[in-house]
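Only one structure is covered here, and it is reproduced in the block below.
Because only heavy atoms are used, hydrogens play no part in the values below, and waters and symmetry mates are left out as well, while side chains stay in. Given the structure is predicted, the values throughout are model-derived calculations rather than measurements. Convention: sequence-line order gives letters A, B, ...; per-chain numbering from 1.
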There are 4 protein chains.
Amino acid sequence: MGPSVIIGVMGGADHVSSQALNAAESLGKLIAKEGWILLTGGRNLGIMDVACRGAKEAGGLTLGILPDEKKFATSSYVDIPIYTGMGEARNVINVLSSDVVVACPGASGTISEVALALKSSKPVIAMGFDDKGLFSDMESRCYMHRAQTPEETITLIKKLLQD
Amino acid sequence: MGPSVIIGVMGGADHVSSQALNAAESLGKLIAKEGWILLTGGRNLGIMDVACRGAKEAGGLTLGILPDEKKFATSSYVDIPIYTGMGEARNVINVLSSDVVVACPGASGTISEVALALKSSKPVIAMGFDDKGLFSDMESRCYMHRAQTPEETITLIKKLLQD
Amino acid sequence: MGPSVIIGVMGGADHVSSQALNAAESLGKLIAKEGWILLTGGRNLGIMDVACRGAKEAGGLTLGILPDEKKFATSSYVDIPIYTGMGEARNVINVLSSDVVVACPGASGTISEVALALKSSKPVIAMGFDDKGLFSDMESRCYMHRAQTPEETITLIKKLLQD
Amino acid sequence: MGPSVIIGVMGGADHVSSQALNAAESLGKLIAKEGWILLTGGRNLGIMDVACRGAKEAGGLTLGILPDEKKFATSSYVDIPIYTGMGEARNVINVLSSDVVVACPGASGTISEVALALKSSKPVIAMGFDDKGLFSDMESRCYMHRAQTPEETITLIKKLLQD
């Protein structure tokens, strides 16, 4: 395979708009087309599920880091399920294992992942995730970026991977 | 001892104002005076350290959940250090083990703890922690509360413990 | 409190002989009488439960590191329950947080704790735990010790704490 | 890809005989030839490293679950590194994420993985791992199996995957 690039896509499991779901699915496709591996939380819900579906439609490889001890609500679009049995502590693994983290709209789970990513100096791209300025201090340290569309996100990831 | 109550106090390790540090120390004292156990992240820095110092000054019992595998930058005011060797994943333990979580001013680590607490439906009191409205949706579900002073925080904790 | 000593007592949740249960209860008492804190896996079963009961009968302080996210089959003799939500990964915390680990008869869970303790160079005392020589190589590096009775175990702990 | 099969290969990082290393490398090759994904602890040492090398020589896909927060002593034969930052707690993930666990010769780390696998009712094949009968009770419950060679191991895995 050569050295792999892993892009984490985080976002809500429910209460997500169809616009955000469509954007995440497109992002999954574009990630796959770049030959990057897609990493998500692995459940068959919301952003996680559609991003994986997009990546599979484009022939990509998908990795799901699950909170559960064994198969449970695992997305059928996850090629490689990693069962942690650690609940939300798996959020830490999501961000540590991603070269770049993309934050889509979500709630407390997604916010925790953005926070953990910034804590470990991992680059984060907010794609529709509105932090209301909460992370602005970290942003000044250049870890938090913003993109409007999946295409912009891909361009930004490429730039970040070169740094 | 009888059934113990554990109150988690979260907040920044550095870049914290002396006002916030004083408030956290007072809060630690008041928690101890109530006979509650104080839980923090256990390091000898910032909010963690002064909250534990306050609790010890008032004769309380302090619990530190540390990211490290062994003694390292452990607060000297922690009676019972729990070494997890799990880095930031210990933030999950902090919130799951607390009956109520108090959020003092902090940065991404503290934000992750607030997010993880809300994710697990744990009551959170923001004492000087400004979420800029990011968690307001969860607040409408009554998990996020606000207090201006250590005394108000104690009153609120008592109310929450009765629920 | 002054600097606390934490002694971990590990052992089976079920299929444990009454002799082993009695020994663990006595050990819990003796640990409490020394002023040490007792750490166990925290469930209301087997060795964990009786060791905590013994410690409480002697007025000690008991710490339970639980695999669960919240109260579930928690021993009523645990003063301070730490909820990890991490399943068996909590076994790592059990051994890292103990100054000395005592292994009573048990099965795969207990074996994992002995193995993890030796892996992290933590002193282990086998009190009725028969490793059939599996850990003998590590024993030659002096981390695995043996005791026949709770009293012998206490004597050995004192010696190990001085090292 | 279709539904993937993940085979975990565990074993020592050092003090492993060249015979055991050769067998692990052959096993890695055979796992890859079956189209299965190889999972290891991901470090560039001992059984982990050579099993991954074998799998890559045969064009397979390799997954490394690392104890570290970021790249550190990662095997160059790991395609997909999962950084947990959780030290030995990652051993739990190793076994939960494998459909079958193969135990090669090792020390306390390997023993902990065998124990954790049996604890979670995961099938284990001992290939040169001598448990000295310690796990014999569990074996009677059919979770612990034995194989002499990589070929025998593959045959046994196929049988276990059908169960």
Side-chain angles (χ1 to χ4, degrees), chain A residues 10-17 41 43 45-46 65 67 82 84-98 101 103 105-124 126 128-144, chain B residues 10-17 41 43 45-46 65 67 82 84-98 101 103 105-124 126 128-144:
Chain A
M10 311 295 146
D14 46 27
H15 302 300
V16 183
S17 72
R43 286 274 184 85
L45 294 163
I65 311 291
I82 303 293
T84 67
M86 291 184 184
E88 297 300 314
R90 71 85 145 80
N91 296 2
V92 173
I93 304 176
N94 288 355
V95 304
L96 293 178
S97 301
S98 299
V101 172
S108 50
T110 306
I111 297 169
S112 79
E113 288 163 321
V114 170
L116 292 165
L118 293 171
K119 177 78 179 173
S120 63
S121 305
K122 189 71 67 175
V124 176
F129 172 83
D130 180 6
D131 78 337
K132 303 197 178 187
L134 185 56
F135 293 107
S136 54
D137 287 349
M138 288 95 186
E139 194 174 11
S140 69
R141 279 182 267 145
C142 289
Y143 299 135
M144 182 97 168
Chain B
M10 311 296 147
D14 45 28
H15 302 299
V16 184
S17 70
R43 286 274 184 85
L45 293 163
I65 312 290
I82 304 293
T84 67
M86 292 185 183
E88 297 299 312
R90 72 85 145 79
N91 296 2
V92 173
I93 303 176
N94 288 355
V95 304
L96 293 177
S97 301
S98 298
V101 172
S108 51
T110 307
I111 296 170
S112 79
E113 287 162 323
V114 170
L116 292 164
L118 294 171
K119 176 78 180 173
S120 64
S121 304
K122 189 71 65 175
V124 176
F129 173 83
D130 180 6
D131 78 336
K132 303 199 177 186
L134 185 57
F135 294 107
S136 55
D137 288 348
M138 288 95 187
E139 192 173 12
S140 69
R141 279 182 267 144
C142 289
Y143 299 135
M144 181 96 168

Completion exercise
Answer key: most heavy-atom pairs under 4.5 Å with chain A among Gly133(B), Ser120(B), Ser112(B) is Ser112(B)

Exercise for the section: Can you see which heavy atom on Leu134(A) is nearest to which on Ile111(B), and at what distance? Expected result: CG-CD1, 3.7 Å

Exercise for the section: For Ala89(A) and Ala89(B), work out which heavy atoms get closest and say how close. Expected result: CB-CB, 4.1 Å

Problem - Pairwise distance CD(Glu88(A)) to CD1(Ile93(B)) - rounded to 0.5 angstrom - result: 13.5 Å

Fill in the blank from the handout: Cut-off 4.5 Å, heavy atoms of chain A, and the answer for Asn91(B) is side chain

